[in-house]
Amino acid sequence: MRNFKNSISTLLLLFVSVLFYNCSNDDNSSAAVTLTPSEVLASTPWETTNAKNNNGEDVPLNNENVINFVGFAYFNIDGTFVMFNLDDSPKMQGDWSVSPDGKTRTITAKNDAGETLFTRVVDITVLTKDEFTYRIYPNESDKSVYYDIIHTPTNHPIPEVLTPSQILASTPWETTNALNNLGENVDLSDANVNNFVGFAYFNIDGTFVMFNLDDSPKMQGDWSVSPDGKTRTIVAKNDAGETLFTRVVDITVLTKDEFTYRIYPNESDKSVYYDIVHTPTNHPIPAPLTPSQILASTPWETTNAVNNLGENVDLEDANVINFVGFAYFNIDGTFVMFNLDDSPKMQGDWTVSPDGKTRTIVAKNDAGETLFTRVVDITVLTKDEFTYRIYPNEADKSVYYDIVHTPTNHAMPN
């Protein structure tokens, strides 16, 4: 009886041991999940954390041979990807695949319109859950010189993906620098760049307004950025919505922190250029003023006159004296003018063309009868200066005088 009990006990112990062993094997089988190479690559975001040359030496990530391959990469299981530089600026997007044997990775970069920009195939040297490394060759015909680009998993959240147009519309911009083709800083008042300097407000609806740094109006109209972010086009328009000009510039930098475009003084010589650098600004958008509103915004005093040679002309000169004085343009379209000694000069109605290029006055007597009408070309109309041009002989436009006015606090004479 005792031997039977011992036998039973032995059998029970053996059964429990076998059962425990089998359960342990089942647990191990469940844990050992095999991922395909594609599933491994898509299992985590990756960050470039190192690079090595063919001698096994570490290479700085800003080295010219590797910098174009550095950043954050997000490979989606549906075969699409997005990549960003380490500063979170967009790098590229498109489609990807890994060969079934895990030896090569292919990316097809595409623009926002889905058009293929390029296709790149690289050799994979390591692909595990902990490391993704591929090899690049500066010279494809010489496989002895190479760089291994090493990536490790990252928790870096995927940056917000903005199209080039969304980036430009994401903030107001201020011109903060200009560089020539030699990389030298250029003063913003330099004649080669000053026409491109100011504050720019690009609305997401495709319209824009620009102002000079003194808040005076510069231009307005429509804008667009090419899908690849390489060019910006503006169509400047007057207040009536008529096109004044169209300008296309090459974009060299477009990120959330910088917008830079390139201009060429001579379009046939691309070796000489200026880069106009803009950075985000909190400068509030100035109240848009039409040319008429600018002229009516302040009283004006004639403070100078300049001839076609650029020489100052005395305000008592016979060619300009009739145009000298104080002018008060009312927003209702009426005006009064006085000589510098406060004696009455004329009164009547006035208008400025929607594009701000001409001013018309209709002088009237006290009875409201028209005495004469005069139209002059405006050369400057800002909050700080109003200048128009007169021709002693309308048939000879080479001889002229510019009558310069500046704002005044001079009280209107009774």
_From OH (Y400) to CG (L309), nearest 0.5 Å_ = 8.0 Å
_Does anything in residues 389-414 form a salt bridge (charged side-chain N to carboxylate O under 4.0 Å, His left out)? List the pairs, not counting sequence neighbours._
R389-D402, E394-K397
_Minimum side-chain heavy-atom gap V272-Y264 below 4.5 Å_ = no
*Please check if the distance between the ring centroids of F335 and W350 is under 6.0 Å.*
no
*F132: what forms a ring-ring contact (aromatic ring centres under 6.0 Å, His included) with it, not counting sequence neighbours?*
W46, Y134, H151
*In Å, rounded to the nearest 0.5 Å, how long is the span from CD1 of I276 to CG of N177?*
9.0 Å
_Please give me the minimum heavy-atom distance between A296 and I331, naming the atom from each residue._
CB-CD1, 3.8 Å
*Which residues share a side chain to side chain contact (heavy atoms under 4.5 Å, CB included) with S343, sequence neighbours left out*: N339, D341
*Can you find a pair of side-chain heavy atoms, one from M92 and one from I107, that are under 4.5 Å apart?*
yes
*asked:* Do N312 and V306 make a side-chain contact, defined as non-hydrogen atoms from C-beta onward lying under 4.5 Å apart?
replied: yes
*Can you list the steps and then say if T281 with T171 is a side chain to side chain contact (heavy atoms under 4.5 Å, CB included)?*
CA-CA 7 Å; T281 181; T171 182; 5.8 Å; no
*Evaluation steps, side chain to side chain donor-acceptor pair (under 3.5 Å), between N111 and Q93*: CA-CA 7 Å; N111 61 22; Q93 62 187 345; over 6 Å; no
*Look at the side chain of K345 and the backbone N and O of V324, then say whether any donor-acceptor pair between them is shorter than 3.5 Å.*
yes
*asked:* Donor-acceptor check, side chain of S226 to backbone of T231, threshold 3.5 angstrom: yes or no?
replied: yes
*Please tell me if the side chains of Y74 and M83 come closer than 4.5 Å, counting only heavy atoms from C-beta onward.*
no
*Would L61 and T48 count as a side chain to side chain contact (heavy atoms under 4.5 Å, CB included) if you check the C-alpha gap in whole Å, the side-chain angles of each, and the deciding distance to 0.1 Å?*
CA-CA 8 Å; L61 295 184; T48 315; 4.0 Å; yes
*asked:* Just verifying a value: how many Å separate I124 CD1 and I149 CD1, rounded to the nearest 0.5 Å?
replied: 13.5 Å
*Do N319 and V313 have side chains that get closer than 4.5 Å, going by heavy atoms?*
no
_So which atom in P291 and which in P354 form the shortest heavy-atom distance, rounded to 0.1 Å?_
CG-O, 3.6 Å
_Non-hydrogen atoms of P227 and P164 that approach each other most closely_ = O-CG, 3.6 Å
*Any side-chain heavy-atom pair from S398 and N308 closer than 4.5 angstrom?*
no
Show me the donor-acceptor pairs within less than 3.5 Å that the side chains of residues 191-198 make with the rest of the protein, sequence neighbours left out.
residue, atom, partner, partner atom, Å
N192, ND2, D190, OD1, 2.9
N192, ND2, Y274, OH, 3.3

_Counting only heavy atoms from other residues, nucleotides and ligands, does the tally under 6.0 Å from CD of E311 exceed 12?_
yes
*Between D377 and K357, is there a salt bridge with N-O shorter than 4.0 Å?*
no
_For the backbone of D78 and the side chain of N76, can you confirm whether one donor and one acceptor N or O come within less than 3.5 Å of each other?_
no
*Taking the side chain as C-beta and beyond, is there a heavy-atom pair between K52 and V59 under 4.5 Å?*
no
*Measure the spacing between CG of L41 and CG of L35 and express it to the nearest 0.5 Å.*
11.5 Å
*For residues V209 and I285, report the shortest heavy-atom separation together with the two atoms involved.*
CG2-CD1, 3.5 Å
*asked:* Is it true that Y147 and N65 share a donor-acceptor pair across their side chains at a distance under 3.5 Å?
replied: yes
*Is there a side chain to side chain donor-acceptor pair (under 3.5 Å) between D257 and T255 once you walk through the steps?*
CA-CA 5 Å; D257 300 314; T255 69; 4.8 Å; no
*Which residues satisfy the side chain to side chain contact (heavy atoms under 4.5 Å, CB included) test with D88, sequence neighbours excluded?*
F72, H156, P159
Donor-acceptor pairs are to be reported for all side-chain atoms of residues 367-376 against protein atoms at under 3.5 Å, with residues two or more places apart or in another chain.
residue, atom, partner, partner atom, Å
E369, OE1, N365, ND2, 2.8

*Rounded distance [0.5 Å steps], OG in S170 versus CZ in F202*: 11.0 Å
*About how many Å separate NZ of K256 and CG of L168, when rounded to the nearest 0.5 Å?*
14.5 Å
*asked:* If we ignore hydrogens and angles and just use 3.5 Å, is the side chain of E39 paired with the main-chain N or O of T36 as donor and acceptor?
replied: yes
*Got more than 12 heavy atoms from elsewhere within 6.0 Å of CG, N393?*
yes
*asked:* Contact between S224 and I234 at the side-chain level, heavy atoms closer than 4.5 Å - yes or no?
replied: no
_CA sep, side-chain torsions, deciding dist, call: M412, F338, side chain to side chain contact (heavy atoms under 4.5 Å, CB included)_ = CA-CA 9 Å; M412 182 185 293; F338 298 83; 3.9 Å; yes
_Is there a side chain to side chain contact (heavy atoms under 4.5 Å, CB included) between V404 and E385? Walk through the geometry before answering._
CA-CA 7 Å; V404 183; E385 181 183 338; 3.9 Å; yes
*Answer yes if the side chains of T252 and T260 hold a donor-acceptor pair under 3.5 Å, and no otherwise.*
no
